[in-house]
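Below you'll find the structure, written out as structure tokens, and then a few comments.
Letters A, B, ... mirror the listed sequences (proteins, then strands); counts begin at 1.
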Amino acid sequence: MSREIPLSSLDKASDLSVFQLVIKNKNVFWGSIILIIIILVAILGPFFALDPVSLNPMSRLKPPGDAGLFGTDQLGRDVYSRVINGGRISLVVGLTVAIFAVIFGTVMGLLAGYIRILDAIIMRVMDGLMAIPAILLAIAMISLSGATLTTVIAAIVIPEIPRVVRLVRSVVLTVREEPYVESAISVGTPVYLVMIRHVLPNTIAPLIVQATYICGSAMLTEAILGFLGAGIPPEIPSWGNIMSEGRTFFQLTPWIIFFPGIALAVTVLSVNIVGDGLRDTLDPRIARNMR
Amino acid sequence: MINVLEIEKLTVSLPKNADRLYAIEDINLIVNRNEIVCVVGESGSGKSVTAFTVMGLHDKRALKMTSGQILLEGEDITNASPAVFRARRGEKMAMIFQEPMTALNPVLKVGDQISEMLKIHTSMTASERKARVIRAMNDVDLPDPEMMYKSYPHQLSGGQRQRIMIAMALVMEPGLLIADEPTTALDVTTQANILRLIKEIQRRRGMGVLFITHDFGVVADIADRVVVMQEGKIVEQGTVNEVLKNPSHEYTKMLIGSVPSMKPPKRDQVSGSPALITKQINKTFGGLGFFGKGRKVHAAKSVSFDIRAGETTGIVGESGSGKSTVARCVIRLIDPNSGKILINNIDVAKLKESKLRPLRNNFQIVFQDPYRSLNPRRTVGQSIIEGPTNFGIPLAEATQRAKDLMNIVGLQTDSLERFPHQFSGGQRQRICIARALAMEPQILIADEAVSALDVSVQAQVLELLDDVKKKFDLAMLFITHDLRVAAQVCDNIVVMREGEIVERGSTYEIYSKPKHSYTKALLDAAPGHKFFSG
């Protein structure tokens with residue numbers, strides 16, 4: 001009888017839950033802390049701040065400190081309350097885009113990886129999508145359907161899908177050749193169960209990592225669209241819109257652009273830092289390739 | 001006269017948390033001029049660590065030399081600097097590795113790779129170097145060295161690549177050659193040629209060779225002296241005749257006893273109607289390309305055979321012979337292009353997956369790689385009951401069946417709650433057999449099921465396969481490249497080459513009176529067949 005490995009001598013890491021393992025990573029830890037603060041401010045902040053859209057022509061273009069924490073803009077609106085309200089938009093856009101891109105991408109990736117005829121069709125469509133610059137595609141779609149929060153989210157989701165599809169498909173293609181998947185097929189497991197039981201769990205770690213990057217880039221895209229005037233309607237204070245409106249006064253009153261800019265940078269940075277940390281702990285293979 | 005290599009009381013420690021303290025412990029080993037010393041042991045015995053430590057190639061962060069010394073031609077290199085090691089490697093000692101594809105740089109011409117050795121160690125001119133490389137390639141019997149000089153590794157066969165590796169190792173005429181399982185990744189006929197070549201060059205140059213292997217057949221063919229290692233310690237050493245004929249240590253006796261003999265045991269012919277009939281299976285790969293036609297490979301050409309219940313038919317052949325293709329066609333993991341596969345008089349060759357699924361319980365497969373055959377995220381129990389529950393068997397009954405099977409395959413019933421990484425390779429293969437048996441199949445296909453296992457574990461798993469075959473009256477299709485294994489378990493043998501069956505017959509006939517020249521070549525090439533056929 002060959003030696004049996006005693007349970008106690010097993011890898012320490014396996015005793016920890018995935019959460020404990022992940023949070024031990026410094027990037028994940030500090031990134032999450034910053035992100036949680038941002039989220040709390042975005043959720044709770046607006047209750048304690050002025051109305052972000054109330055005009056006050058008496059105190060226009062006031063520097064920080066004179067009127068409000070971050071000063072006021074050309075219509076006398078409080079920049080501080082606009083920035084924390086803009087955070088809600090950015091976070092909602094980032095999160096929903098990440099979730100929808102992952103859901104659609106995973107379904108299509110699984111189909112493409114497993115069914116050969118669909119593979120040719122789906123992947124050619126994805127190649128086509130990837131050939132069009134994301135911003136251009138988003139602007140085109142928004143101008144066709146009119147700018148609302150929903151259409152902006154849809155316009156950002158669609159260009160992000162190919163990334164997820166490619167990732168999931170590549171995982172499926174490697175995993176489907178694994179003998180344990182072939183064993184499952186040969187014991188008569190139906191295709192959908194093979195997918196759910198044996199293939200899908202292998203995609204989760206890389207997907208979580210990918211989702212954080214999508215979240216970060218979706219927030220940036222939303223801000224870019226807002227800045228170009230093609231995004232969320234101007235009456236809603238998103239970071240892109242605030243910056244877009246403050247652009248004309250940039251040299252006179254830099255704080256109108258400065259504060260939402262900083263907020264956007266810090267948020268995207270913290271999301272990406274969490275993403276890097278997750279990649280290092282959950283997906284060492286990709287981490288090696290990227291170095 | 002100074003010994004080529006002398007290892008005295010060498011101990012190398014493993015990092016903390018490893019399953020033992022030392023990778024190798026108190027090793028004493030001498031390689032003389034003009035002799036081949038074989039180091040034999042199972043995986044994890046420390047034989048490769050010994051070789052890598054001598055070369056100074058061991059992982060210095062994980063493995064620490066704690067005591068002992070290494071003398072290379074009398075020079076103490078135990079704590080030599082990297083610069084000294086660089087100078088000695090190639091000039092005084094050289095190494096060849098198991099996997100010739102990964103040991104060669106894929107983007108450089110092989111001639112230039114050999115020439116690099118001369119560039120570093122000598123002051124020869126470019127034309128002198130080229131002449132020397134051509135001579136080295138001639139020495140290892142490579143055809144048309146001028147041509148081959150300009151080839152890239154992927155253009156050569158596995159055997160040719162290993163010859164290039166040997167030419168590279170020997171171009172500086174070192175006194176010591178270390179060979180770490182150099183023939184394990186090669187086909188049996190190629191292996192025989194490479195072994196002959198190493199022995200011939202060693203005799204011609206009077207080198208000392210330290211030859212690492214797990215295969216006692218290879219030892220019998222090539223060794224002058226043998227060193228047997230177990231868990232980092234040398235348990236026995238002596239001349240090849242002493243050790244093979246009169247092993248003193250229990251472990252050596254067990255290892256030699258586990259080597260399957262080339263002499264097939266007497267077997268009764270099984271009668272009755274066939275459980276599996278295949279007729280004219282054809283399978284081609286490729287041929288389709290996005291732009292124009294791709295390369296087409298005819299992996300199985302009109303393969304027909306049948307197996308009765310209680311009978312084991314072996315398909316033997318080298319890599320690329322199509323034996324695995326046939327197995328995968330029968331189990332319908334790939335679709336044959338044409339032909340019939342009759343199971344219970346139903347032709348399953350062309351059935352759609354939805355029609356086939358209700359019949360899948362009749363035929364099951366055990367794969368080669370025990371580390372990839374079980375889903376690492378699912379418990380052993382979940383893996384085993386997956387099949388029966390697919391066929392509508394209630395969970396409680398399926399679980400009970402899994403428990404019974406654990407007893408049959410020699411594992412404890414509480415194994416069901418554990419995960420695959422908690423088991424060794426041999427145990428995992430037992431689990432895979434249990435999973436196949438849980439379906440209550442009539443036909444069991446073993447695709448190289450014991451090839452990845454150590455020889456002692458291999459013997460046990462073979463025994464288990466034979467047991468369950470009798471117990472459940474299975475028809476077994478046994479795919480293997482190893483003729484020694486096939487001799488022990490098969491009633492009938494089918495010999496395949498390049499997709500075609502070249503010979504078939506009862507195991508006894510094939511081994512005693514092979515008709516086809518290829519079968520004869522295969523039998524001749526089996527390592528240690530002279531020693532182990534008695």
Verify the neighbour count for atom [atom1] of [X]: are there more than 12 heavy atoms of other residues, nucleotides or ligands below 6.0 Å?
X: B:Glu353; atom1: CD; answer: yes
X: A:Phe100; atom1: CZ; answer: no
X: B:Lys355; atom1: NZ; answer: no
X: A:Arg166; atom1: CZ; answer: no
X: B:Lys350; atom1: NZ; answer: yes
X: A:Phe104; atom1: CZ; answer: no
X: A:Leu144; atom1: CG; answer: yes

*Between A:Tyr180 and B:Pro376, is any pair of side-chain heavy atoms under 4.5 Å apart?*
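Of all side-chain heavy-atom pairs linking B:Pro376 with A:Tyr180, at least one is under 4.5 Å.
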
Kindly compute the distance separating [atom1] ([X]) from [atom2] ([Y]), expressed to the nearest 0.5 Å.
X: A:Asn202; Y: B:Asn375; atom1: CG; atom2: CG; result: 7.0 Å
X: B:Leu356; Y: A:Ile185; atom1: CG; atom2: CD1; result: 11.0 Å
X: A:Ser183; Y: B:Glu386; atom1: OG; atom2: CD; result: 9.0 Å
X: B:Ser383; Y: A:Arg197; atom1: OG; atom2: CZ; result: 9.5 Å
X: A:Ser186; Y: B:Gln364; atom1: OG; atom2: CD; result: 4.5 Å

Please classify the contact between [X] and chain A as side chain, backbone, both or neither, with a heavy-atom cut-off of under 4.5 Å.
X: B:Leu333; answer: side chain
X: B:Gln382; answer: neither
X: B:Arg377; answer: side chain
X: B:Phe391; answer: side chain

*Minimum heavy-atom separation for B:Asn390 to A:Pro190, with atom names?*
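Reported closest heavy-atom pair: OD1-CD, 4.0 Å.
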
*For each of A:Thr189, A:Leu193, A:Val191, tally heavy-atom pairs with chain B at distances under 4.5 Å, and name the one with the top tally.*
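Most heavy-atom pairs under 4.5 Å with chain B: A:Thr189.
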
*Give every residue pair that meets the salt bridge (Lys or Arg N to Asp or Glu O under 4.0 Å) criterion with at least one member in residues 325-336 of chain B, sequence neighbours excluded.*
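Counting only pairs at least two positions apart or across chains, the salt bridge (Lys or Arg N to Asp or Glu O under 4.0 Å) contacts touching residues 325-336 of chain B are A:Glu182-B:Arg328, B:Arg332-B:Asp335.
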
*A:Val181 portion near chain B, given a 4.5 angstrom heavy-atom threshold*: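 Interface part for A:Val181: neither.
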
